[in-house]
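Working notes for the structure below.
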Amino acid sequence: MADDPNPTLRADLLAALGVLGPQIRGLDDLAAVSISPELKAAVLTQSASRKHRRDLIQAVVDALDHVVSALRLLEQDGYPDLPGITIVQSQFGELQEEAGDLRAAVAIFKAEMAAKLAIDLGPPADKSSAA
Amino acid sequence: MADINTDQNFPTVTLTITNASGAPAAVDGVPVWATSDATILTVVATADGMSALVSTVAAGVARVSVTADADLGAGVSTITGVSEDVNVTVGPLSQASVMTFSFGAPVPKV
């Protein structure tokens with residue numbers, strides 16, 4: 001099983017969910033009792049706000065779960081090893097021949113070389129002005 | 001011919017490298033600068049060898065030259081660039097301007 005890449009974040013998020021759960025349940029209960037319409041509106045607003053926060057946190061937790069799952073699949077694929085491939089001798093020979101042909105073709109081309117060095121003295125200046 | 005006097009130098013001498021087509025080209029390594037006569041001109045190149053300070057030393061005629069390896073691969077193909085002649089004359093500050101006489105101790109006419 002792959003390790004959680006960010007256990008600290010996960011712990012923080014789960015703790016936040018633990019705080020939000022009772023608050024949401026309490027607010028929903030409060031909205032069901034006999035209270036004034038104004039108070040009920042305020043309670044429902046807070047309930048919606050906390051549910052929105054809970055959903056966002058849950059989305060991050062789900063994403064972390066997805067990362068762990070994907071990481072597990074990656075490790076099962078052998079990551080980080082990336083071994084070379086053994087092929088039959090005839091195929092290996094074919095590859096070497098192809099590589100030799102490519103080297104021969106590349107060797108045809110040569111970079112255009114520098115041919116001229118031009119020196120521009122520029123204007124003279126008083127030695128005292130350079131100090 | 002470039003004229004200069006010993007009170008002056010060429011503070012920013014630049015190098016341009018081109019190929020046979022006249023397009024900018026690269027060389028292998030840092031170009032090496034020199035002068036034809038270090039008693040007349042001295043040269044101090046920058047770290048990348050693409051410019052230099054040329055200072056006058058004494059009157060005379062000298063040239064600045066640069067060599068570089070044009071072969072970017074393992075081989076060596078040396079190319080050289082030479083400046084125009086630099087005619088160095090004695091500058092006013094270097095010329096004699098004061099004559100001091102020392103008479104020594106007087107002695108009796110015998």
Side-chain angles (χ1 to χ4, degrees), chain A residues 2-3 5-6 8-9 63 67 70-131, chain B residues 1-28 31-33 35 41 43 49-56 63-73 75 77-88 91-94:
Chain A
D3 292 334
N6 197 334
T8 303
L9 175 61
V67 167
L71 190 57
R72 185 186 314 133
L73 293 175
L74 181 63
E75 289 174 350
Q76 288 172 354
D77 190 53
Y79 179 84
D81 296 336
L82 201 58
I85 304 299
T86 300
I87 57 176
V88 297
Q89 187 63 43
S90 61
Q91 292 175 342
F92 186 69
E94 185 182 346
L95 277 178
Q96 287 187 314
E97 186 177 350
E98 197 66 35
D101 290 348
L102 287 174
R103 280 194 294 272
V106 170
I108 293 173
F109 301 96
K110 295 197 179 303
E112 197 170 25
M113 292 198 302
K116 182 180 179 185
L117 301 177
I119 298 172
D120 180 3
L121 295 171
D126 290 341
K127 290 179 180 177
S128 57
S129 67
Chain B
M1 174 85 74
D3 293 315
I4 191 170
N5 67 53
T6 52
D7 299 333
Q8 300 173 306
N9 56 27
F10 291 109
T12 309
V13 181
T14 56
L15 175 65
T16 303
I17 307 173
T18 53
N19 60 26
S21 306
V27 293
D28 195 359
V32 177
W33 294 67
T35 64
L41 291 176
V43 60
M50 293 305 293
S51 62
L53 163 67
V54 173
S55 299
T56 56
R63 289 179 168 183
V64 178
S65 64
V66 180
T67 58
D69 178 10
D71 191 334
L72 297 178
S77 177
T78 301
I79 56 174
T80 302
V82 182
S83 74
E84 58 189 311
D85 286 343
V86 178
N87 180 37
V88 183
L93 297 177
S94 304

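Residue numbers start from 1 in every chain, and the chains themselves are labelled A, B, ... in the order their sequence lines are given, proteins ahead of strands.
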Can you say whether [X] sits under 4.5 Å from chain A via the side chain, the backbone, both, or neither, judging by heavy atoms?
X: Asp7(B); value: backbone
X: Thr12(B); value: backbone
X: Ala26(B); value: backbone
X: Ser77(B); value: side chain

(message) Just so I understand: if I count every heavy-atom pair under 4.5 Å between each of Val27(B), Thr56(B), Ile4(B), Val82(B) and chain A, which residue has the most?
(response)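 The option with the most such pairs is Thr56(B).
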(request) Find the one option among Thr18(B), Val66(B), Leu15(B), Ile17(B) whose heavy-atom pairs under 4.5 Å with chain A are most numerous. (result)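 Answer, by heavy-atom pair count under 4.5 Å with chain A: Thr18(B).
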(request) State, yes or no, whether a side-chain contact exists between Asp71(B) and Met113(A) at a heavy-atom distance under 4.5 Å. (result)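 Heavy-atom side-chain distance check passes, below 4.5 Å.
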(message) Any non-hydrogen side-chain atom of Leu41(B) less than 4.5 Å from a side-chain atom of Val86(B)?
(response)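 Yes; the side chains approach each other to less than 4.5 Å.
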(request) Might you confirm whether atom CD of Glu94(A) has over 12 heavy atoms from other residues, nucleotides or ligands at distances under 6.0 Å? (result)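 For Glu94(A), atom CD is not crowded (no more than 12 foreign heavy atoms under 6.0 Å).
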(message) With a sphere of 6.0 Å drawn around CD of Gln91(A), does it hold more than 12 non-hydrogen atoms of other residues, nucleotides or ligands?
(response)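 More than 12 within 6.0 Å, yes.
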(message) Return the OG to NZ distance between Ser21(B) and Lys116(A), rounded to the nearest 0.5 Å.
(response)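 It is 13.0 Å, given to the nearest 0.5 Å.
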